[in-house]
Amino acid sequence: MRKILTQKFFDRDTKVVATDLLGKFIVRKIRGKEVSVMITETEAYDGPKDLASHASKGMTKRTEVMFGHPGIFYIYLCYGMYYMLNVVTGKKDYPAAVLIRGVEGKNGPGKLTKFLKIDNKFNKKLAIPKNNLWLEDRGVKIPENNIKKTPRIGVDYAGPIWSKKKFRFLVKG
DNA sequence: ACGATGATGAAC
DNA sequence: TTCATCATCGTA
């Protein structure tokens, strides 16, 4: 079973999308060849008040993509060397996104984007096959009790409330 | 524990 | 135009 995830999938609550993305596949086409990996770890960045989200600073040149339509990528350079892969969720004008933090066999969002050769060219692009980067449901279902929730990584700066929220989701084992 | 490394946003 | 900051990772 190969079902391409559409904008409808991402037009839902960010935390729901983040948990639902576990077990889904990222497919990347490089020079005509498809590479696919299963998502095992995600984080939710939800709304204008989430101090851990870049969008908490309001709409800027960098963050305007998070205010855009669901199902587009938000990609940016972190620490000068690693690209982060996010998918925008929720309605237009509501800033939210899910960070793809890990896939099967790879841990760490920086390694993931390096492996899949993802860079800021994909920023603001739709997650569709035409753009050589999209997401698929291949029938893998992660049961609720196999999903672990923890605080997000590297967001201590977000203050005692937002840095402690359990917006990180990963597959156990 | 720390440096590499560059875009970003805010202050000046 | 300068400055501090950062959703990381490899090496130590």
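Every chain is numbered from 1 and lettered A, B, ... according to where its sequence line falls, protein lines coming before strand lines.
Looking at heavy atoms from C-beta onward, A:R62 lies in side-chain contact with A:H54 at the 4.5 angstrom threshold.
The CG-P distance, from A:N120 to B:dT8, rounds to 8 Å in whole Å. Atoms CZ (A:F73) and C1' (C:dA7) sit 17 Å apart, rounded to a whole Å. Following rounding to the nearest Å, A:E41 (CD) and C:dT8 (C1') show an atom-to-atom distance of 13 Å. Atom CG in A:L85 sits roughly 14 Å away from atom P in C:dT8 (whole-Å rounding). Between A:L77 atom CG and C:dA7 atom P the separation is 12 Å, expressed in whole Å. Counting to the nearest Å, the P atom of B:dG9 and the CE atom of A:M59 are 13 Å from each other. Between A:E43 atom CD and C:dT8 atom P there is a gap of 8 Å when expressed in whole angstrom units. Going from atom CD of A:E64 over to atom P of B:dT8 covers 11 Å, rounded to whole Å.
With B:dA10, B:dT8, C:dT8 as the candidates, the nucleotide lying closest to the side chain of A:K57 is B:dA10. Each of C:dC9, C:dA7, B:dA7 was ranked by its minimum atom distance to the side chain of A:Y82; first place goes to C:dC9. Of all nucleotides listed (B:dT8, C:dG10, C:dA7), C:dG10 comes nearest to the side chain of A:K111.
Nucleic acid contact class of A:Y74 (heavy atoms, under 4.0 Å, all strands): base. Base contact: A:L99 has a heavy atom under 4.0 Å from a base atom. A:M81 comes within 4.0 angstrom of a nucleotide base, judged by non-hydrogen atoms across all strands. Counting any heavy atom pair closer than 4.0 Å across all strands shown, A:G110 reaches sugar-phosphate atoms only and no base atom. At the heavy-atom level, A:R62 lies under 4.0 Å from the strands shown only through sugar-phosphate atoms.
Using N1 to N3 plus N6-O4 or O6-N4 for Watson-Crick, or N1-O2 and O6-N3 for G-U wobble, each under 3.5 Å, C:dT1 pairs with B:dA11.
Figure legend: cation-pi geometry between A:R12 and A:F10 absent, as NZ or CZ is not positioned both under 6.0 Å from the six-membered ring centre and within 45° of its axis. A cation-pi arrangement is found for A:R138 relative to A:F25, the charged atom lying closer than 6.0 Å to the ring centre and inside a 45° cone about the ring normal.
Stacking between A:Y45 and C:dA7 is present: the aromatic ring centre lies within less than 5.5 angstrom of the base six-membered ring centre, and the two planes differ by under 30 degrees.
In summary, of the residues considered (A:T14, A:V17, A:V65), a side chain to side chain contact (heavy atoms under 4.5 Å, CB included) with A:V88 occurs for A:V65 alone.
Not one side-chain nitrogen or oxygen of A:H54 sits closer than 4.0 Å to the OP1 or OP2 atom of B:dT8. A:R168 has no side-chain polar atom (N or O) that falls below the 4.0 Å cut-off from OP1 or OP2 of C:dA7. A close approach under 4.0 Å does occur between a side-chain nitrogen or oxygen of A:Y157 and OP1 or OP2 of C:dA7.
Taking a 6.0 Å sphere around CD1 of A:I30, one finds it holds more than 12 heavy atoms contributed by other residues, nucleotides or ligands.
With hydrogens and angles left out, the side-chain atoms of A:Y74 and A:N120 include no donor and acceptor closer than 3.5 Å.
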